[in-house]
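Lettering follows sequence order; numbering is per chain, from 1.
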Protein chains: 2
Amino acid sequence: MTAPEELTVAERIRNRFDNLTRAERQLANAIMENYPASGLGSITAVAIASNVSTPTVLRMAKKLGFSGFPDLQAALHLEIEATILNPIAKHNRWAENAPDTHILNRFADVVMENMRQTLRQIDPAEFNTVAELLSDREHAVHVVGGRITRSLADYFFTHMQVIRENVTLVAPNSNIWPHYLLNMRPGDVLVAFDIRRYERDIMGLVKMAKSKGVVVVVFTDQWGSPAAKHARHSFHSRIEAPSAWDSSVISLFVVEAMIAAVQSLSWEETEQRMKSLEDLFDQTRLFRKFT
Amino acid sequence: MTAPEELTVAERIRNRFDNLTRAERQLANAIMENYPASGLGSITAVAIASNVSTPTVLRMAKKLGFSGFPDLQAALHLEIEATILNPIAKHNRWAENAPDTHILNRFADVVMENMRQTLRQIDPAEFNTVAELLSDREHAVHVVGGRITRSLADYFFTHMQVIRENVTLVAPNSNIWPHYLLNMRPGDVLVAFDIRRYERDIMGLVKMAKSKGVVVVVFTDQWGSPAAKHARHSFHSRIEAPSAWDSSVISLFVVEAMIAAVQSLSWEETEQRMKSLEDLFDQTRLFRKFT
DNA sequence: AATTTTATGAAAATATATCTCCAGATTTGT
DNA sequence: ACAAATCTGGAGATATATTTTCATAAAATT
């Protein structure tokens, strides 16, 4: 036997429909008509929409086993939550041979949730715009990162360097940033990485670059680096992690997607460059042959 | 141009995120967290759930272009109605506002599959063993990466350096690797990153380190670096990507999970070190204060 | 360091929603 | 057709939600 609390409002209505009075049936039909959205307004709104009085709504709510109208509505909210929630996020266990509480599984849960949230926030149009900016050979691309984000900046730079010419990685030491600023021209793009704790210097660099007419793109976290306010475009990744540190996994995900987008916007040139690169590698015998 | 009334609440939040204040961003994130169900309660309930005051909720609602909170909520109700009525348009996409074929969605699919496969392959016992090895202060940890994996090595190094002393990042230039080999002692741990195309030099370094009694841990891809054969432990991440490059997202995921595991194995010391680090940052005023 | 601007939440004021009560309408049983 | 039981909604009482006001705190600017 299912406990009454676990029945949906719709089920309760169906179960007790025969016990309902005329006005209540009218109300029940109106609710089922466009369920569950029809039950979301105030008791007054629901009453009016169904052409019954508010006490009728209340009485039916009580008949259905709720303590009052707000109680019924809370149940509807939970149902909506359950219906709308993305089922992909609910993977019970990632590493099947490890317990749920193993760090691998906990991490996997959080990362997937981060991914879901991040993708919901990204505006694909803005993403495309930035990809186009970055594939424009007319203007240079400058990349800068902070203490932790340096690795991301470096990763991004390494790939962009293969895709196109005229890409600079700004050195981590902010003392010599003025040298880099010298080389930035209007229309150039500055890609800055900054997650908490946000670094003063990045903010400064962004402001100065902006005043020189440089288009600034900031990759930051869900709270947003202060530098993002001065940026033309910004991408917010969720960086939650079951650890003392933040997670950069999703930031890297967005970066890789961006690299892929830029690459496909200018595949012909990129392909050429990659081939030349292969040749160079062959000559230096840096790599073993891949089988 | 879309009329403002036709934008969803989520879109409005995205559009104006950069104009939001700290408390408002906190609220926005809480709403997006479990959207749209999170916005269904009373203004008070929403405020409490997000840990902000009710006026903040109201102010944000107005900033987003609504006349008040009930207006915002009515918009949510309409969205829910639209979503539920059209079940096909729903949840099979990550970035709901981009087509399935958009690179963001294709990337998300692949990453998710990579994660599944990778976690299925990892032996949690081995994972734990390596975490213990890395948290043993008696022995030094050396980290090395290749052309692409350098960023991962760097990331791992940066974090390990905070967690414990006696961690070295081996410089990318393999000419001077012999210098580093000089400092490796039996029982030390060498963490090497190597994904295709596998690099000859990494292989050489691993072999030599092994012959000196160093415990080698290799992070590689699903096919496995040849260096992995000489390693005591190895972790294989799936690096498939819808792009000309491989994806490092899952490798980073495993690295972060490992960092978290090591950190929790020696939390007391790590905590001390992190506090000292905070103090140092405060003194150098490198970061802006995070609120 | 001092000043201005902006952001924030506590608390009061207002508006709205919810519930209670009850008088009349409707149905049911005789 | 009549009495009893039940149903229904109007109107007021109460509770809650929403908005406004304002003092304080934080941040930006000078």
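- A:Tyr35 places a side-chain heavy atom less than 4.5 Å from the side chain of A:Thr8.
- Sorted by first and then second residue, the pairs that involve residues 19-31 of chain A and meet salt bridge (Lys or Arg N to Asp or Glu O under 4.0 Å), not counting sequence neighbours, are A:Glu24-A:Lys63.
- Nucleotides of DNA chain D nearest to A:Lys63 and A:Lys229 differ in position, and the one nearer the 5' end is that of A:Lys63.
- Helix bend of the helix from C:dA1-D:dT30 to C:dT30-D:dA1: the angle between its two end axes, each built from five pairs, comes to 40° after rounding to 10°.
- Rounded to an integer number of Å, the gap from CE of B:Met60 to C1' of C:dT8 is 15 Å.
- Using a 4.0 Å cut-off, some side-chain N or O of B:Thr56 falls inside it from OP1 or OP2 of C:dG9.
- The salt bridge (Lys or Arg N to Asp or Glu O under 4.0 Å) test applied to B:Asp154 returns A:Arg150, not counting sequence neighbours.
- For the pair B:Leu27 CG and C:dT8 P, the computed distance is 11 Å after rounding to whole Å.
- Rounded to an integer number of Å, the gap from A:Asn19 CG to D:dT6 P is 13 Å.
- One interatomic measurement links the two molecules: CZ of B:Phe66 to P of D:dT18, which rounds to 14 Å at whole-angstrom precision.
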Per-nucleotide protein contact along nucleotides 12-26 of chain C, 5' to 3', at a 4.0 Å heavy-atom cut-off (B base, S sugar-phosphate only, - neither), is -----SBBB------

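- Atom CG in A:Asn51 sits about 12 Å away from atom C1' in D:dG9, given to the nearest Å.
- Among the nucleotides D:dT8, C:dG9, D:dG9, the one closest to any side-chain atom of B:Ala23 is C:dG9.
- When the ring-ring contact (aromatic ring centres under 6.0 Å, His included) test is applied to A:His142, no partner is found at least two apart in sequence or on another chain.
- Applying the side-chain hydrogen bond (donor to acceptor under 3.5 Å, both in side chains) test to every pair with at least one member in residues 127-136 of chain A, sequence neighbours left out, gives these pairs: A:Asn128-B:His102.
- With sequence neighbours excluded, the residues that form a side chain to side chain donor-acceptor pair (under 3.5 Å) with A:Asn173 are A:Asn175.
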Output a table of donor-acceptor pairs, distance under 3.5 Å, between side-chain atoms of residues 44-61 of chain A and any protein atom two or more places apart or on a different chain; print 'none' if there are none.
from: A:Ser50; atom 1: OG; to: A:Val46; atom 2: O; distance (Å): 2.8
from: A:Ser53; atom 1: OG; to: A:Thr56; atom 2: OG1; distance (Å): 3.0

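- One atom, CG of A:Leu20, and another, C1' of D:dC7, lie 13 Å apart when rounded to the nearest Å.
- Smallest separation of non-hydrogen atoms from A:Asp246 and B:Glu256: O-OE2, 4.0 Å.
- When rounded to the nearest whole Å, the span between CD of A:Glu24 and P of D:dT8 equals 6 Å.
- Scanning for ring-ring contact (aromatic ring centres under 6.0 Å, His included) contacts around B:Phe107 gives A:Phe253, with sequence neighbours left out.
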